[in-house]
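Chain letters run A, B, ... following the sequence lines, proteins first and then strands; every chain starts at 1.
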Number of protein chains: 2
Amino acid sequence: MSLPHAILTALLEKPSSGLELTRRFDRSIGYFWSATHQQIYRELGKLEAEGHIRALPSEQPARGQKKSYEVLPAGRAELARWTAASQDPKPHRDPLLLRMRASAVVGTDGIEADLRRHLALHREQLAEYEEIEKRDFPPGRDTPQDRLRHLVLRAGIDLETFWTQWLTHALEEFGELPDTGPA
Amino acid sequence: MSLPHAILTALLEKPSSGLELTRRFDRSIGYFWSATHQQIYRELGKLEAEGHIRALPSEQPARGQKKSYEVLPAGRAELARWTAASQDPKPHRDPLLLRMRASAVVGTDGIEADLRRHLALHREQLAEYEEIEKRDFPPGRDTPQDRLRHLVLRAGIDLETFWTQWLTHALEEFGELPDTGPA
DNA sequence: ACGTTTTATGCAACTAGTTGCACAACGAGG
DNA sequence: CCTCGTTGTGCAACTAGTTGCATAAAACGT
């Protein structure tokens, strides 16, 4: 039940068309919620039908024409309601950790290369986040909005830091392991 | 595509019935992969049909009767193949971080209580993992299998540590914030 | 003026996970 | 003996997310 609310947040920050939203989901929103353009178009349709958003009147709505949306009061209210509502944390699901555990049973052949690849990817992501932090959150400005957004970015940075450390540690262990093979 | 492999791993560690698997998914396997009993029964059916596992012959297969499964060579081979195969990391999806970001737009009313609740839950989970670590991984034993399993548990511990720290930090920030309200 | 690429929107089918319920057997208590 | 709670298995319907493809307009080179 999060995607519509992610879209409402994004639209409140700035009214956008479906494709613009898709691009923003690949960037800032994307570091803790991702969505494909199909999901977004479908959801925009639903949100419009529910009266939470509406198409900006200015543009003509032909196919292949840009169509921008803005949030209506009902949409803002729904977002506020959802944000304040208590939600249980969902359990993690991490295929890599699962494979790690499986490798204790069927042997570690092949997984090491993928650990290295993941490490490289996480390092890249970390560097990107740190770049964003330097650019968007310089020491000076700190309105409440800035602080909250910075906090969210910090979560991203700290999570990527955790992964790079954990993977580094895992690879060190692999170095010491008597070479592989199933149990 | 991970659930069947999680089940194969669990069954290799110890042949079990559906309900036993469900219980184990609530415990050890569960800290990075969760599943309901319905998912598990459905998947056991598929795995049996594919010839990856089979029901232990000893027990009679009436409804309401325990039915245990063991992994066949084909199943072990499939698990080894999957474990070694390269997989891209899937992007995170975290509703709490999303709500944090939304609260920068619609105000922080109500979310603080839920942050406290999450903090308490993560502290609990952390304590539980540390308990398991003390019990299952005392300084002495370190076969390769132990090391790998310990590594996975460490990931769980470090992730919970991250969340408790991040939530603590977030709540501190809230204390300093000029009281709430939408943008 | 014409074909190719890019931008933009969208449908349909599929996969994975969740929720709600049903049903059978067994054990314990009145 | 017979109801009631527990254990164990399972179906059906629903929700969320993914993948593959279709379509239309505009932008651009030749």
Would you say the ring centers of H92(B) and F32(A) fall short of 6.0 Å from each other? no

Please report the distance, rounded to the nearest Å, between NZ in K67(A) and P in dA24(D). 15 Å

Side-chain (R99(A)) to main-chain (T83(B)) donor-acceptor, under 3.5 angstrom: yes

Should Y41(B) be listed as having a side-chain N or O under 4.0 Å from OP1 or OP2 of dT9(D)? yes

Whole-Å distance between dG17(C) P and I40(B) CD1? 12 Å

T22(B) near the nucleic acid: base, sugar-phosphate alone, or nothing, with a heavy-atom cut-off under 4.0 Å? nothing

Are side-chain N/O atoms of S86(B) and R117(A) paired as donor and acceptor at under 3.5 Å? yes

To the nearest 10°, give me the bend of the helix from dA1(C)-dT30(D) to dG30(C)-dC1(D), comparing the axes of its five terminal pairs at either end. 0°

Would the base of dG10(D) count as contacting H37(B) through its side chain, where contact means a donor and an acceptor less than 3.5 Å apart? yes

Check the phosphate of dT18(D) against K90(B), side-chain N and O only, distance under 4.0 Å to OP1 or OP2. Yes or no? no

5′-ward residue of the pair R93(B)/Y69(B) relative to DNA chain D: Y69(B)

Set of residues satisfying side-chain hydrogen bond (donor to acceptor under 3.5 Å, both in side chains) with respect to W82(A), sequence neighbours excluded: Q87(A)

Close N or O pairs between protein and nucleotides 13-16 of chain D (under 3.5 Å):
none

How many whole angstroms separate atom CD of E20(A) from atom C1' of dT9(C)? 13 Å

Do L119(A) and H122(A) come within less than 4.5 Å of each other through their side chains, counting heavy atoms only? no

Sequence neighbours left out, what passes side-chain hydrogen bond (donor to acceptor under 3.5 Å, both in side chains) with R154(B)? Give chain and number order. E133(B), D158(B)

Atom-pair distance (CG on D88(B); C1' on dG17(D)), nearest Å: 17 Å

Contacts of D136(A) that satisfy side-chain hydrogen bond (donor to acceptor under 3.5 Å, both in side chains) - sequence neighbours left out: none

Sequence neighbours left out, what pairs pass salt bridge (charged side-chain N to carboxylate O under 4.0 Å, His left out) with at least one residue falling in residues 41-53 of chain B? none

Would you mind reading off the distance between L19(A) atom CG and dG10(C) atom P, rounded to a whole angstrom? 11 Å

Between L12(A) and T9(A), is there a side-chain heavy-atom distance shorter than 4.5 Å? no

Pair of N/O donor and acceptor under 3.5 Å linking dG20(D) base with Q38(A) side chain: yes

